[in-house]
Amino acid sequence: MNSEKVVFAFFILLAATLNFGFFVGAVHDSGHHNVYELFAALVISLIATVMKFGDRTHMGAVLLATSLVADLQLIIAAFVWGYAVNVGEPEDLQSMLTSVVSLSAGALLANITSVVLLVIETVTVRR
Amino acid sequence: MNYVAFLIMRRLRAPLITLIVIWSIATLGYVIIPGQDNDGNAVRMDFLHAFYFVSYMGTTIGFGEIPYAFTPAQRLWSLFTIYGTVIGWFYSIGALVTIFRDQSLLNLVRRTRFSYRVARIREPFYLVCGYGHTGSALVADLAEHGVQTVVVDIDPQRIEALELDGHPFDIPVICANASDPDVLRDAGIEHPRCQGVLCLTNDDHVNLYVAIASKLLAPERVVISRVSTREYAANLASFGTDHIIDPFETFADYLTNAIVSPFHQLVYNWLASPVHRSLDSAHRTRQGRWIICGYGRLGKALQKRFDVHGLKSVIIEPDPEAREVSEDYHVVTGWGTEAATLLEADIRNSVGIVAGTPDDANNLSIVMTARELKPSIYTVARQNRQSNGPIFKAAKMDQIMNPSVIIAQRIMFLIKTPLLMLFLDSLTNESEEWCETLLKRIDAMVQGRAVESWSFTIDQQQAPAVFECLRRAEPVAIQVLSAHPHDRHVQLPALPLLVLRDKVITLLPEPDFPLRIDDQVLFCGLERGRTQMLWAVNNQNVLRYVISGYEGGGGYLWKTLLGRHRARP
């Protein structure tokens, strides 16, 4: 058992589940999407990314790439949220929140890819 | 190579994760803890403001409490986060500084710069492994002759020494293990301009490694290696190392030659060393009994040759059994530093003494004691440490055996004038009389002045005029090259020693020896002879004159005018 890989699996799965938790619900209903969940998803995703730093394997490099994609989407989503709530016009709020949710959907896709890759890697381990 | 970059990324993990965790917990705290606006209403910071506050607090910028003055609960949390973020920063910055001061990273940077500099070398260069006494002497000598070198040594002090030595041009240098093939590759072993590899480390095993690696990575590259034991010499020879130099064997050859065949030795001395000795010096007899002090590497090498030539010798050795001295020899047990031992070895009836122990003080003592007992004795001493040079010089011995000088000198010959080395090696097949005749011929030519030697290949670069002539199928005899460019009936002070054609050696070619393209020719004579010979070798008009005596004009106009003039009856 490689404890480093297990810890990484924990974080990547947690990032995916938090992301899913934020995303699930009606796209246009802001009541279905909790900002704390977005925050947690972003933080966990960042940690998962850093944990893949300096991995020389091909799989490690691909996982770094997918989690970087998730980070990018989530950071943009968080930025849009902050802008919509504090800066933007009140009538734009609804459409902006919708785009936050769709951005997080993109991040979710990247996170799912990471999880799938992780599962494949785990299955190929013989011991 | 690249793994260092990965290692650094990996080491960045912990500080980065620490920062992320501290930042997110602090931010979350401000979002959760309720605050108050100016009217006393409960308000909560959103993530934007919380992250903004944490960012400037964590970086110790501190713009104050926004958007409203903090409640006591918020201030309590601030107290925690101020110290939390500062500790986080300290830790991360400390870790970052450690990484960039990391020796392996610095080595990587140095290595990258080194291989970049080597890759950019445009002129021919030699790769020198080991910058000890031999290596530094050789690099300095090569630099003086404008030959670029690349140096690899494992000892950082020697690398610093090179930086202080102040060579006329930049010498790429790396502190690394030369037996690592990656290092050799970075040092340019596969570089198209690399002329050869010189293995000069103190460790025979490392030399062996370098030689093998270079023969495998670049089989056509010349490999010259020093060696100190016979087993390694045989090992090096087994896979085609081009030149193997054992200083003890080389010196033993030299000394035995001086005793047995003085004329051979004098030819060698005249051509190889800059100091001129008179022809009479060969007659000084040294034949007789020799005392060899110390039956180590030098003693063994000498005794082997003495056996071959049937010379008489006495061995003085403190521990004959450990050194496995054969019973057949006349052995005296002792150091040789005290008179009693030397007298027991019958120094009064000996012609020479070799102080060949590995200890310089003992060697000096042996020589001084021997001179006391018999002032006319021929003294030879082995100098082990370079720093003792002045003392050995002051002792005024007849010969000093200095391993690093011998190796450096020999390698310089191999690099500068490989043909001369070939000539000297092929001398061994010739008789003493042959050498004496040659010496008399040379002496008649130079009349006591220093002998120079020079060589060139008959090709477009080194001998364009001769090349052009031969290309047009006009025969060129070797004697025309030694005709004076101003008056072809005058002979230049130059004597052809050797012509190398398709690996066939012609010693002392006859005057009418016809040259061919790609011949390599070796001359000896006076410096004046060399410069004047180069006229004919390089200039077609001069060459035409020395061949036919016809002085043709050079320029196009002159040629046309002359052509017309001659066309008229």
Side-chain angles (χ1 to χ4, degrees), chain A residues 2-5 7-8 10-12 14-15 18 22 30 33-61 63-65 67-68 70-71 74-88 93 96-97 100 104, chain B residues 1-35 37 43-56 58 66-68 81 84-85 88-89 91-92 95-96 98-100 102 104-105 108:
Chain A
N2 185 339
S3 54
E4 188 190 311
K5 281 200 162 67
V7 175
F8 176 71
F10 169 78
F11 277 101
I12 204 77
L14 190 58
L18 286 168
F22 175 77
S30 62
H33 305 288
N34 191 331
V35 71
Y36 289 96
E37 244 176 332
L38 178 62
F39 174 74
L42 177 56
V43 170
I44 298 299
S45 180
L46 282 174
I47 291 176
T49 309
V50 173
M51 289 195 69
K52 272 294 127 183
F53 272 14
D55 194 330
R56 292 177 81 187
T57 59
H58 182 70
M59 189 60 97
L63 281 170
L64 180 65
S67 70
L68 273 174
D71 289 346
L74 287 175
I75 287 170
I76 294 171
F79 187 79
V80 172
W81 185 292
Y83 183 87
V85 172
N86 293 290
V87 189
L93 189 65
M96 281 196 166
L97 288 182
V100 169
S104 79
Chain B
M1 222 8 234
N2 217 353
Y3 75 98
V4 182
F6 282 104
L7 204 66
I8 287 166
M9 294 277 278
R10 192 175 274 261
R11 287 199 195 147
L12 276 174
R13 281 181 190 175
L16 281 179
I17 289 177
T18 314
L19 277 185
I20 293 173
V21 169
I22 291 176
W23 246 242
S24 53
I25 290 174
T27 310
L28 198 62
Y30 286 109
V31 175
I32 291 170
I33 297 166
D37 65 7
V43 282
R44 280 206 176 173
M45 266 190 187
D46 59 7
F47 276 105
L48 180 79
H49 287 94
F51 187 62
Y52 174 63
F53 179 78
V54 171
S55 296
Y56 73 61
I66 50 105
Y68 311 108
T81 51
T85 47
W89 267 127
Y91 168 62
S92 313
L96 213 66
T98 317
I99 288 167
F100 285 113
D102 188 83
S104 51
L105 178 75
L108 177 77

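Excluded from the calculations below are hydrogen atoms, water molecules and symmetry mates; all remaining heavy atoms, backbone and side chain alike, are included. In what follows, chains are A, B, ... by sequence order, proteins preceding strands, each numbered from 1.
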Check: About how many Å separate CD1 of I20(B) and CD1 of I47(A), when rounded to the nearest 0.5 Å?
Finding: 6.0 Å

Checklist line | Non-hydrogen atoms of R56(A) and F6(B) that approach each other most closely | finding: CG-CG, 3.4 Å

Next item on the list: Assess whether side chain to side chain contact (heavy atoms under 4.5 Å, CB included) is satisfied between K52(A) and M9(B), documenting all intermediate values.
Entry: CA-CA 9 Å; K52(A) 272 294 127 183; M9(B) 294 277 278; over 6 Å; no

Checklist line | OH (Y83(A)) with more than 12 external heavy atoms under 6.0 Å | finding: no

Checklist line | Part of V85(A) within contact of chain B (heavy atom distance under 4.5 Å) | finding: side chain

Next item on the list: Kindly write out the residues that satisfy side-chain contact (heavy atoms from CB on, under 4.5 Å) with I75(A), not counting sequence neighbours, or none if the list is empty.
Entry: L42(A)

Note to self: Sort by residue number and list every residue of residues 48-56 of chain B having at least one heavy atom under 4.5 Å from chain A.
What the structure shows: L48(B), H49(B)

Next item on the list: Against chain B, label F79(A) side chain, backbone, both or neither, depending on which of its atoms sit under 4.5 Å from a heavy atom there.
Entry: neither

Next item on the list: For residues D55(A) and R10(B), report the shortest heavy-atom separation together with the two atoms involved.
Entry: CA-NH2, 4.4 Å

Checklist line | side-chain hydrogen bond (donor to acceptor under 3.5 Å, both in side chains) partners of R44(B), counting only residues at least two apart | finding: none

Check: Side chains of V43(A) and W23(B): does their closest heavy-atom pair fall under 4.5 Å?
Finding: no

Next item on the list: For F39(A), check ring-ring contact (aromatic ring centres under 6.0 Å, His included) against everything at least two apart and list the hits.
Entry: F47(B)

